[in-house]
Q: 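Encoded as structure tokens, here's the structure I'll be asking about.
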Amino acid sequence: MADVYNWHLGRKMTYVFPEAHPQKQFVAIFNINRCIGCQTCTGACKATWTFSKGQEYMWWNNVETKPYGGYPQHWDIKILQMLDQAHQAAGVKAVWDTTQKSDTTPYGVYNGMTITEAGGADQQALGYIPPDTEWRAPLFYEDTATAYQGDDLGISKEGASLPEHQTWFFYLQRICNHCTYPACAAACPRKAIYKRPEDGIVLIDQARCRGYRKCVEQCPYKKSMYRGTTRTSEKCVACYPRVEGKDPLSDGVPMETRCMAVCPGKIRLNGLVDISADGSWAENPQHPLYYLIKVEKVALPLYPQFGTEPNVYYIPPRWAPRPYLHQMFGPGVDDAISRYTAPSRQLLAVLQLFRTTQKMLFRFEIEEGPLVFESEVNGQPWQMYNDTVIGFDAKNREAVRLSVVEPIHERPAERMNSI
Ligand code: SF4
Ligand code: SF4
């Protein structure tokens, strides 16, 4: 075991391999507040990658309804319970020390054990292989909310109001996190799983894989899946031909993955961030992903306490109970929600960039516009400006230009009945 630095946890942790970092890292942000649960992303991924025999149950992208849904069923409850039991057995409390928050440790320091540290001498990390029944179908408990506290008909007398609703659910969008410290790679006895040095995408070498399913067992997010027809494991490949700029549509520059590019809810933003030799993100506040994750800190990692340093980030939902969100996204939740609820002038402009072009954006600029709206948010004055945000592709060419206020297009009178 080696000591490696995990910036999500604000400390060093143990991992099977010594630190080695890619030049760039594949990163995505999902804005939970905007997801409509349409599953277009799920269908786009399936139609692209997992439509063959033996892949019937493979949903590399899935969208599950929290708190009850999950694919495979109960994946997060199960691993959280295992982690909790390990802490109890060791007499360790899993707490975040938020007094140590800083620019380099944005969520403070995690004093509990990761899945690797809790694995003990017998196994590299805590984990389990879900039985077939739990993989059988996605979307169990879809759109199921927590219990009503209303009358006999189940209608709430309280109504709903922010910040937290009494009755709630939200959609959790899930793909492989292309983790900095992938548990799947650590687990593989054949060393068939590798992280690409050019973009940090985690892939399974199908020629080396012998289907031992150790990756299925030890990925805490359950995003490595076994295929009976080939006796190998498969997982999300981050649409790497698109990331490499090889898609015929791409004009030679990196493009977002299929699941990102089809999203009608415009909840997804995907790109590549520069990684320094020591593994930290190279400072670049004009990069939309760097800006949202590192500067505004509105997007947070999923279950950072697992310790794999996942590279998919979430803007947490405003209406769900905070203890549930703290468990899922760590101690950055309250700050992220308050910044998202009353966004700064720049943040509001950058949020417009989600799902507006299939090209990955590497830089943004903002042209200031007039004040168009004033209000109060949480007792504080808040202003909205009709600024224009411009996104640039990998060749530093303008790829997209949008204003904060969506333009209204009126259908001309002669086309009123043209459908
Ligand atoms: S999410 Fe799971 S399958 Fe994906 S890189 Fe991380 S550990 Fe591996
Ligand atoms: S396509 Fe977008 S809005 Fe629809 S379920 Fe997927 S993430 Fe949500």
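Only this structure's heavy atoms are used, side chains among them; waters, hydrogens and symmetry mates stay out. Counting convention: from 1, in listed order, for ligands and their atoms alike. Throughout, residue positions are numbered sequentially from 1 according to the sequence presented.
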Q: Got a sec, which residues hit salt bridge (charged side-chain N to carboxylate O under 4.0 Å, His left out) with R213, two or more places apart in sequence or on another chain?
A: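 Salt bridge (charged side-chain N to carboxylate O under 4.0 Å, His left out) list for R213, sorted by chain: empty.
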Q: Using 30° and 60° as the class boundaries, would you call the ring planes of W96 and Y107 parallel, tilted or perpendicular?
A: perpendicular
Q: Parallel under 30°, tilted from 30 to 60°, perpendicular over 60°: which one fits the rings of Y57 and W135?
A: perpendicular
Q: Tell me: protein heavy atom nearest atom 7 (S) of ligand 2, and distance?
A: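 The closest heavy atom on the protein side is R268 NE, 3.3 Å.
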Q: Could you tell me whether E64 and K66 have a side-chain N and a carboxylate O separated by less than 4.0 Å?
A: yes
Q: Going by distance alone, is a donor N or O of one side chain under 3.5 Å from an acceptor N or O of the other, for N61 and T42?
A: yes
Q: Looking at residues at least two apart in the chain, or sitting in another chain, which of them share a side-chain contact (heavy atoms from CB on, under 4.5 Å) with P310?
A: H8, N177, C179, Y221, P301, T308
Q: Can you check the number of protein N/O/S atoms within less than 2.8 Å of atom 4 (Fe) of ligand 2?
A: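 Near atom 4 (Fe) of ligand 2, the number of protein N, O or S atoms below 2.8 Å is 1.
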Q: Would you check whether R355 reaches within less than 4.0 Å of ligand 2, judged by its heavy atoms?
A: no
Q: With side chain to side chain contact (heavy atoms under 4.5 Å, CB included) as the test, pick out the partner of D3 among R11, M13, K12.
A: K12
Q: Distances under 2.8 Å only: what protein N/O/S atoms are near atom 4 (Fe) of ligand 1, ordered by chain and residue?
A: C176 SG
Q: Any idea how W7 and Y313 line up, ring-wise: parallel (<30°), tilted (30 to 60°), or perpendicular (>60°)?
A: parallel
Q: For the residue pair F169 and Y171, does the interplanar ring angle fall in the parallel (under 30°), tilted (30 to 60°) or perpendicular (over 60°) class?
A: perpendicular
Q: How far apart are the closest heavy atoms of I29 and A299, and which atoms are they?
A: CG2-CB, 3.7 Å
